[in-house]
Amino acid sequence: MSRLPAIGGDSGNWGEILNDFLSQALQADGTLKPELYTLNSLRDVTTASPADAQVLSYVAADAKWKNQAIIAGGTPISVVELAPVQAILIGNALGYSSVPNYTVTDGSATDPETGLPITTTITANANGALVVDGYTVAVGDRIAFWDNINYPDHDSTGVYTVVATGDIVHPFVLNRTTDTMTNRYWVAPILHSDRYGNGFSVRLTIDPSGFEAWVLTLVAPGAMAEGTSSALRLNSHAEGTSTTASDSAAHAEGYFTTASGTYSHSEGLSTTSSGYGSHAEGVSSTSSGFGSHAEGQSATASGEGSHAEGLEATASGDGSHAEGELTTASGFVAHAEGNFTVAARIGEHAEGSGFFSGNVPAQVSRVTVAGQTISGSLNIGFGMFQATDLVLTDNRLSVIRLDLGAWRSADDTASHWLIEITASRKSGSVRLVAPATITQTDHDTGANAWTVAVNTTSDGLSLDVTADSGTVRWVGVTEIVEVP
């Protein structure tokens, strides 16, 4: 029985005993013996019926795969490296409909494992030249083809030779190559693809999830692809089922996720991170803004540096943050939280926890007001960067309370006002329910001449302030209760 050498013992036999022990698991070149691979070690067989799985180790230097072994029922099967292909054609890109715009013709052979008839010819249903990702094919080109959607009852995935490129009076015609009639498992380099660049490897895998039978995947130099995933740019990483990392240093993981932005990260189910440095996670979330982050279900972060989290939350303003359910932060650096709340003003913080029929929200918002006068008057703005007025939400009653402070630092003169306004905006028309209540609660004698006035505008309210002399800075916080 094999064993490890005894420390301090086995004089003269130490090397033979160690070699005998290692040879139980390793081949002479140091690789693991194929018979030791098992389905249980490759995947959780409880999530799908036991079937084929794939073991591939990647060499980043030349975008090749080595030590290829396909495990079917525990038995290793050779993977054949085929001659290069010129392009990759996904069948449903030709037309995903109940009546596909190409026709498959089967030969007499059937797949030994699935029993499906093996397709030998693909013919377009209409005239026209075949162009794949911007590459115009030529007669004799080898095309890697995958489709189990339009014709699920046919084994049409394989490598085909172009026998007719197609033109205005002829359809294109592809004939299956002999090497993919006889080899079920293969890998090949791709020579041309205007969309993805050169130097890729294309490989045929079996989807371990069991949802799809065959998948063609792409691997870029320096990239890593695991499962049925495509890594299309230098140093990108794709893992899981049908994931795609298509930009430099992008990372896609999970199921049907896409990381198309540089340094982006997408994880979960059907998430997309397309913005530079963006991050999408959860289910069907999208981060398209520069440095944006979307998480949850169907959350969207499209503003630069925005963050959307929750259920169908949307952060479209730069630097905005939306959280909760169906919240929207569209204003610059705005923040919306709760249910159905909307923060559309610059710097606004809106929150709410309920809504009326028709998903009409009841919400409370806070907005900063700021401005500076120099020996005169100013229409100071609500929000950052001195926006001109406070836009009222249409078809709402707005109950507004503004705490406003003013300070002239040169002589340390200060004043404080409490302003209360009840206004409605109905079908675009703004109305003050009563004149604004403006109370100068605290002030120095030097601020006796300072004044504040509230006026209506076409879509809201404006705040006009006056100081007699010197530089006076005005800052306040506005609380808005909106009644739908």
Side-chain angles (χ1 to χ4, degrees), residues 51-52 70 72 77-193 195 202-207 210-218 228 230 242:
D52 300 349
I70 299 292
I77 298 176
S78 175
V79 177
V80 178
E81 184 166 340
L82 304 182
V85 297
Q86 275 69 41
I88 299 170
L89 184 61
I90 306 300
N92 59 344
L94 296 176
Y96 179 51
S97 63
S98 57
V99 183
N101 59 5
Y102 62 97
T103 301
V104 299
T105 302
D106 300 326
S108 59
T110 58
D111 187 285
E113 293 188 17
T114 65
L116 297 177
I118 297 177
T119 298
T120 57
T121 304
I122 295 173
T123 306
N125 291 341
N127 299 333
L130 175 59
V131 178
V132 183
D133 284 334
Y135 173 70
T136 303
V137 302
V139 172
D141 278 351
R142 289 165 57 88
I143 306 294
F145 179 86
W146 170 71
D147 183 18
N148 65 350
I149 297 177
N150 288 322
Y151 291 99
D153 298 328
H154 301 257
D155 182 1
S156 56
T157 297
V159 175
Y160 290 74
T161 300
V162 178
V163 294
T165 59
D167 53 36
I168 59 174
V169 293
H170 299 96
F172 69 79
V173 180
L174 311 177
N175 281 351
R176 193 176 189 129
T177 61
T178 303
D179 49 19
T180 58
M181 287 285 289
T182 56
N183 297 298
R184 284 176 54 82
Y185 313 102
W186 50 268
V187 61
I190 179 173
L191 297 182
H192 301 289
S193 178
R195 181 179 178 184
V202 56
R203 59 186 170 92
L204 176 65
T205 64
I206 296 175
D207 186 346
F211 290 105
E212 297 170 338
W214 300 103
V215 180
L216 286 175
T217 58
L218 285 171
T228 55
S230 293
S242 299

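The shown structure was predicted, so the numbers you read here are calculated from the model rather than taken from an experiment. Reckoned from all heavy atoms, side chains included, excluding hydrogens, waters and symmetry mates.
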Residues in side chain to side chain donor-acceptor pair (under 3.5 Å) contact with [X], at least two apart in sequence or another chain:
X: Asn175; value: Thr121
X: Asp106; value: Thr119, His154
X: Asp167; value: His170
X: Thr177; value: Asp179, Thr180

Between Thr165 and Val137, which heavy-atom pair has the shortest distance, and what is it?
CG2-O, 3.6 Å
Can you give me the closest heavy-atom contact between Pro171 and Ala124, atom names plus distance?
CB-O, 3.5 Å
Do Ile118 and Asp155 make a side-chain contact, defined as non-hydrogen atoms from C-beta onward lying under 4.5 Å apart?
yes
Say whether, by atom type as modelled, one donor and one acceptor occur between the side chain of Arg176 and the main chain of Thr157 under 3.5 angstrom.
yes
Name the residue from Thr123, Thr161, Thr120, Leu130 that meets the side chain to side chain contact (heavy atoms under 4.5 Å, CB included) definition with Leu174.
Leu130
CG (Asn125) and CZ (Phe172) are apart, to the nearest 0.5 Å, by 8.5 Å
Could you grab the distance from atom CG of Asn127 to atom CD1 of Ile168, nearest 0.5 Å is fine?
8.5 Å
